[in-house]
Amino acid sequence: TSAGDLQFFQIDHNKYPAVKLARQCLTKSQAHIITYNSADEILVSAFLKGKIKFTDIVVYLEKILQKIEDQTFSSIEEIKDHHIRVQQLT
């Protein structure tokens, strides 16, 4: 099997704002990374159910992430607790 020639291009952050937001989370804290992932799962589910528009996903992600303070976790229990808090925020 051959993949052929692969070409990589700069990401257009205006066209794909979620990528920029995800990269910002990587430079902040574990809490931001986990929040992004948890909230995104919930928001995508809401979109698939027709409850929100696709373009609302990033808007809501930004609002939720603004409420999160820098934090690191030392146990899986702390991560699970944070995930539950994110679910409540979302």
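Computed from a predicted model, the values in this text were never measured in an experiment. The analysis underlying the following values was restricted to heavy atoms, covering all of them including side chains, and did not include hydrogens, waters or symmetry mates.
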Q | Gap separating the CD1 atom of Ile79 from the CD atom of Gln71, nearest 0.5 angstrom | A | 10.0 Å

Q: Check whether any side-chain heavy atom of Lys20 sits under 4.5 Å from a side-chain heavy atom of Asp12, and report yes or no.
A: no

Q. In the single-linkage hydrophobic clustering (I, L, V, M, F, W, Y; side-chain heavy atoms under 4.5 Å), do Leu65 and Phe47 co-cluster?
A. yes

Q: In sequence, state the C-alpha distance, the side-chain angles, and the governing distance for Lys67 and Val86, and then conclude on side-chain contact (heavy atoms from CB on, under 4.5 Å).
A: CA-CA 10 Å; Lys67 298 177 183 180; Val86 172; over 6 Å; no

Q.
If I take atom NE2 from residue His83 and atom OG from residue Ser38, how far apart are they, to the nearest 0.5 angstrom?
A. 4.5 Å

Q. Would a hydrophobic clustering, with Ile, Leu, Val, Met, Phe, Trp and Tyr connected at side-chain separations under 4.5 Å, put Val59 with Leu48?
A. no

Q.
Using side-chain heavy atoms (C-beta onward) and a distance below 4.5 Å, is Lys80 in contact with Ile76?
A. yes

Q. Which pair of non-hydrogen atoms, one from Ala39 and one from Thr90, has the smallest distance, and what is that distance?
A. CB-OG1, 3.7 Å

**Q.** Asp40 side chain near Leu61 side chain, heavy-atom distance below 4.5 Å
**A.** yes

Q) What are the two closest heavy atoms between Glu78 and Thr72, and how far apart are they? A) OE1-O, 4.3 Å

Q | Close side-chain approach of Ile68 to Leu89, heavy-atom, < 4.5 Å | A | yes

(Q) Treating Asp56 as the side-chain partner and Lys53 as the backbone partner, does any N or O pair qualify as donor plus acceptor under 3.5 Å? (A) yes

Q.
To the nearest 0.5 Å, what is the distance between CG on Asp81 and CD1 on Ile34?
A. 11.0 Å

Q.
How close do Tyr36 and Ala18 get, counting heavy atoms only, and between which atoms?
A. OH-O, 3.1 Å

Q) To the nearest 0.5 Å, how far apart are OH in Tyr60 and OG1 in Thr55? A) 9.5 Å

Q | Ring geometry between Phe73 and His82 (parallel below 30°, tilted from 30 to 60°, perpendicular above 60°) | A | tilted

Q: With side-chain hydrogen bond (donor to acceptor under 3.5 Å, both in side chains) as the test, would you mind laying out the steps for His32 and Thr35 before giving the verdict?
A: CA-CA 5 Å; His32 287 85; Thr35 299; over 6 Å; no

Q: State the CG-CZ distance between Leu26 and Arg23, to the nearest 0.5 angstrom.
A: 9.0 Å

Q. CD1/Ile42 to CD/Gln88 distance, rounded to the nearest 0.5 angstrom?
A. 10.0 Å

Q: Would you check if the side chain of Ser45 reaches a backbone N or O of Glu41 as a donor-acceptor pair within less than 3.5 Å?
A: no

